[in-house]
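For reference, the structure is listed below as structure tokens.
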Number of protein chains: 2
Amino acid sequence: MVQEAVARGRAKAPTIYDVAALAGVSHQTVSRYLKDGKGLKPGTLERVEKALSELRYTPNLAARSLRSRKLYRVVVVVPEASLYFPARMLNGAAGAAHARGYRVDVVAMEGTAQARALQLERLLTGEDIAGILSFVPRPKATAATGTATVPMVVAGEYDNKMRARGSLADGTAVHSIIRELAALGHTNFFHVAGPAAWPAARNRKAVYQEAIAALGLTSLGMAAGDWSPASGYAAGKKIAALNGVTAVFAANDQMAFGVIRALHDQGIRVPVDVSVFGWDDVPEGSYFIPSLSTVHMDVEALGARSMRELIARIHGEEPPQDAAALPLMELVLRESTGPAAPRQLKPA
Amino acid sequence: MVQEAVARGRAKAPTIYDVAALAGVSHQTVSRYLKDGKGLKPGTLERVEKALSELRYTPNLAARSLRSRKLYRVVVVVPEASLYFPARMLNGAAGAAHARGYRVDVVAMEGTAQARALQLERLLTGEDIAGILSFVPRPKATAATGTATVPMVVAGEYDNKMRARGSLADGTAVHSIIRELAALGHTNFFHVAGPAAWPAARNRKAVYQEAIAALGLTSLGMAAGDWSPASGYAAGKKIAALNGVTAVFAANDQMAFGVIRALHDQGIRVPVDVSVFGWDDVPEGSYFIPSLSTVHMDVEALGARSMRELIARIHGEEPPQDAAALPLMELVLRESTGPAAPRQLKPA
DNA sequence: GGAGTTATTGTGAGCGCTAACAAGACGCTG
DNA sequence: CAGCGTCTTGTTAGCGCTCACAATAACTCC
């Protein structure tokens, strides 16, 4: 039943033989040109180029892959219920892959940790993929079995030293957040963390604790969220019940929204009574009431970088060191942060 | 430089010849089993099955594709700056494709309409893809050139009769929205539309006008947005300047957020003075202040459906008719909608 | 029971490409 | 100018699979 798709009048694509005939060379010369274009006489090179463009030749990747036993397909794993997964990150990754001649297949990780591990296992043993880029943390089960047959990069994990600069899990901006809030007179903090399985969540939390300690401030507690606004809301209720918190740092914007809403529902004003900081700079953040102070991330660049890291690994190269180069994160101050509650301010 | 990737100790995958040898049949028998398993003696079938699972055989898709000239790769086109493109839709599409044995490649449409058209052109003439599923409206330029070589489905476009039920562009829920608002006493409406290039935007707008007329209400105007909250904000300022609007329907949640914020900034209260309706039910909607009334969509199902439509077309089959079956959209009433402004209500 | 049918299995070729090797063209030395 | 290395190009084979066809086995019928 698939035949029709083929039959559908698509003209037969030109092969390197067609190109070779037109250029008056052997097919191998064409193949060589396609490979790197080296070691060909300028004249030959030119004729091949001409024939190539004249026939609008495009290589048949299936044939190439079959013969060379190289693979041109990478799998990107995204969270299944990816309500909070930025599509732009995927775009960045896909773009980087395409730039290197790779095809991208997207699979969503579904189900329980166990089901995910199984799914991953199957991918890893699959024979026809060049590598895996996962935006989902690796299930523990899989991390154990060291039979890594397929190169795999888990975004944010590969440079697991805390606060790896410029990576997805880079938590350095947390320092700036805390310092900023401290400068506004805040001393009593609260952190709404993401799921511990995610390196980014772990790093933000770690840096939070570090910064609090370093600046001699107090953390009145932390809540474990799941990136969702609902979990932020739950944390917000906890914060309201607590006494004295004036500054909250949530590990992503969604949870920050939940926190603000919970505080609002409890009659606590943001930022008058409590300041709230998010992370991600989702577009609606500036239209929220109050608009949300956050950390802007270049998610596209981050996705692309993760992909480049994977491809480097596939090729056995050194990972590209463009990492620390670009400033990928930036504090955005908006209405949700303000001076600490008046009782701590002296009148002029 | 790619050699390492291959060398990396991955054992050579078993071929159908290995399987055939083990089962004591010819390779063709194995191939036949793989195709549909029909016309084989029960005994043979069993032996092949056993050999297959014993060797953990997985077919080499490159070889299959090369020989059969069938393709197993579909391309999904997503908007480049897809801040508002739900990743779940992609997941749904990818899942549906995988279920039918297809690989999914994601490309982001970038740049101007012209650049996009070119990009698309290249995809369409590319020889190694089975079909294209686009979540981005087709540029006019391309729509013109009827040389459709590759099957292509533009989500929401294929059933371009307005209000195609259950499709991405299904605007029927707009009727319910207007009816709901009318029941609350609203008579003066405003619509913030999406870009006209998008079928979904066109349909929502069309149904809006239709419903207004059918119910004998008044539309005080429409604004052309671009799905972004910023464009919603601009529309909101316009609405504030206008006099008498009490109900706003925005074509997506993001724009609704912008509208609400603009009204808020102009001292207009939502929902006391003006009611606002969105569309999409993004997760933060219920935590916005005020929480947003909207239309819930099962984006995952919608994505999957579009993909099934594409695959059916690739196979030359009839498109699956599961469309109208599921109720994919549902009104969600929250705080942003309320009774029309008091001056229009009679005291009890 | 032999001819004619029909189910079931086997054989050879080739999809488009690249790897490996072979061969020709060219330039240099002695 | 024979002899040798180097640069450039050509020839052959085969990746794993499916197609088209050939061959056999298993039935049917008179």
Side-chain angles (χ1 to χ4, degrees), chain A residues 1-3 5-7 10-49 51-52 55-72 101 126-128, chain B residues 1-3 5-7 10-49 51-52 55-72 101 126-128:
Chain A
M1 67 226 247
V2 181
Q3 288 86 330
V6 180
R10 234 183 283 176
K12 196 173 151 303
T15 72
I16 51 170
Y17 286 91
D18 302 324
V19 175
L22 183 60
V25 297
S26 83
H27 70 277
Q28 181 59 240
T29 301
V30 178
S31 172
R32 266 190 277 264
Y33 174 85
L34 259 23
K35 191 177 180 189
D36 51 13
K38 279 188 178 162
L40 294 189
K41 271 191 177 163
T44 331
L45 199 134
E46 197 179 326
R47 275 179 308 156
V48 171
E49 253 166 7
L52 235 30
L55 293 174
R56 299 153 133 275
Y57 169 85
T58 50
N60 180 324
L61 288 190
R64 179 182 288 176
S65 175
L66 175 59
R67 178 64 242 230
S68 67
R69 306 179 137 280
K70 284 174 205 152
L71 300 164
Y72 298 92
E127 291 295 330
D128 63 344
Chain B
M1 65 220 227
V2 182
Q3 288 85 331
V6 180
R10 237 184 279 175
K12 198 174 150 300
T15 73
I16 52 169
Y17 287 91
D18 302 326
V19 176
L22 183 61
V25 297
S26 82
H27 69 277
Q28 181 57 239
T29 301
V30 178
S31 172
R32 265 190 278 264
Y33 173 86
L34 259 24
K35 189 177 182 191
D36 51 13
K38 277 187 177 160
L40 294 190
K41 273 190 174 167
T44 331
L45 199 134
E46 195 179 327
R47 274 179 310 157
V48 172
E49 254 167 4
L52 235 30
L55 293 174
R56 299 152 134 274
Y57 170 85
T58 48
N60 180 324
L61 289 189
R64 179 182 289 175
S65 176
L66 174 59
R67 177 64 239 231
S68 66
R69 306 179 138 282
K70 283 175 206 151
L71 301 164
Y72 298 91
E127 292 296 329
D128 63 344

(request) Let me know the distance between OH of B/Y72 and P of D/dC17, rounded to the nearest Å. (result) 12 Å
(message) If I take atom CZ in residue B/R32 and atom C1' in nucleotide D/dA22, what distance separates them, rounded to the nearest angstrom?
(response) 11 Å
(message) Side-chain N or O of B/T44 versus OP1/OP2 of C/dT9: is the shortest distance under 4.0 Å?
(response) yes
(request) Can you see which heavy atom on A/P59 is nearest to which on A/Y57, and at what distance? (result) CA-OH, 3.2 Å
(request) Check the distance between D/dT9's P and A/K38's NZ and give it to me in whole angstrom. (result) 16 Å
(message) Between B/S65 and C/dC15, is there a contact of a side-chain N or O with OP1 or OP2 at under 4.0 Å?
(response) no
(request) Would you mind reading off the distance between B/R64 atom CZ and D/dC15 atom C1', rounded to a whole angstrom? (result) 16 Å
(request) Quickly work out the A/L45 CG to D/dC7 P distance and round it to whole Å. (result) 17 Å
(request) Go through the structure and list residues passing side chain to side chain contact (heavy atoms under 4.5 Å, CB included) with A/L22, not counting sequence neighbours. (result) A/A51, A/E54, A/L55
(message) On the nucleotide D/dG16, are OP1 or OP2 found under 4.0 Å from the side-chain N or O atoms that A/R69 carries?
(response) yes
(request) Considering just the side-chain nitrogens and oxygens of A/S26, establish if one lies under 4.0 Å of OP1 or OP2 belonging to D/dG10. (result) yes
(request) Assign A/L61 to base, sugar-phosphate, or nothing according to its heavy-atom contacts below 4.0 angstrom with the strands shown. (result) nothing
(request) Mind calculating the distance between CG (B/L34) and P (D/dT18) to the nearest angstrom? (result) 6 Å
Pairs under 3.5 Å (N/O, protein and nucleotides 12-14 of chain D):
unit_1: D/dT12; atom_1: O4; unit_2: A/H27; atom_2: NE2; d: 3.2
unit_1: D/dG14; atom_1: N2; unit_2: A/R67; atom_2: NE; d: 3.4
unit_1: D/dG14; atom_1: N2; unit_2: A/R67; atom_2: NH1; d: 3.1
unit_1: D/dG14; atom_1: N3; unit_2: A/R67; atom_2: NH1; d: 3.3

(request) Quick one, give me the B/S/- string for nucleotides 22-27 of chain C, reading 5' to 3', where B means a protein heavy atom under 4.0 Å from the base and S means that only happens at the primed atoms, P, OP1 or OP2. (result) ------
(request) Starting at atom CG of A/L66, determine the distance to atom C1' of C/dA19, rounded to an integer number of angstrom. (result) 13 Å
(request) Kindly say if B/Y57 contacts the phosphate of D/dC17, meaning a side-chain N or O under 4.0 Å from OP1 or OP2. (result) yes
(message) Let me confirm one number: the NZ-OG1 distance from B/K41 to B/T29, rounded to the nearest 0.5 Å.
(response) 11.5 Å
(request) Tell me which of B/A63 and B/G39 sits closer to the 5' end of DNA chain C, going by the nucleotide each one is nearest to. (result) B/G39
(request) Scan A/L40 against the nucleic acid and name what it touches under 4.0 Å (heavy atoms): base, sugar-phosphate only, or nothing. (result) sugar-phosphate
(message) Which is more 5' along DNA chain C, the nucleotide nearest A/P59 or the one nearest B/G24? Just name the residue.
(response) B/G24
(message) Please check this pair: side chain of A/S31 against backbone of A/H27, looking for a donor-acceptor N/O pair closer than 3.5 Å.
(response) no
(message) Nearest 0.5 angstrom please: B/L66 CG to A/N60 CG, how far?
(response) 6.0 Å
(message) Just verifying a value: how many Å separate A/Y17 OH and A/Q28 CD, rounded to the nearest 0.5 Å?
(response) 8.5 Å
(request) Could you check B/V25, B/V30, B/V48 and say which one makes a side chain to side chain contact (heavy atoms under 4.5 Å, CB included) with B/I16? (result) B/V30
(request) Would you give the length of the straight line joining atom CG of A/L52 to atom OG1 of A/T58, rounded to the nearest 0.5 angstrom? (result) 10.0 Å
(message) It should be established whether A/S31 places a side-chain nitrogen or oxygen under 4.0 Å from OP1 or OP2 of nucleotide C/dC17.
(response) no
(request) To the nearest 0.5 Å, tell me how far B/R47 CZ sits from B/L40 CG. (result) 10.5 Å
(message) Nearest whole Å is fine: how far is D/dG16 C1' from B/K70 NZ?
(response) 15 Å
(request) Would you please confirm or rule out a distance under 4.0 Å between OP1 or OP2 of D/dG10 and any side-chain N or O of A/T29? (result) yes
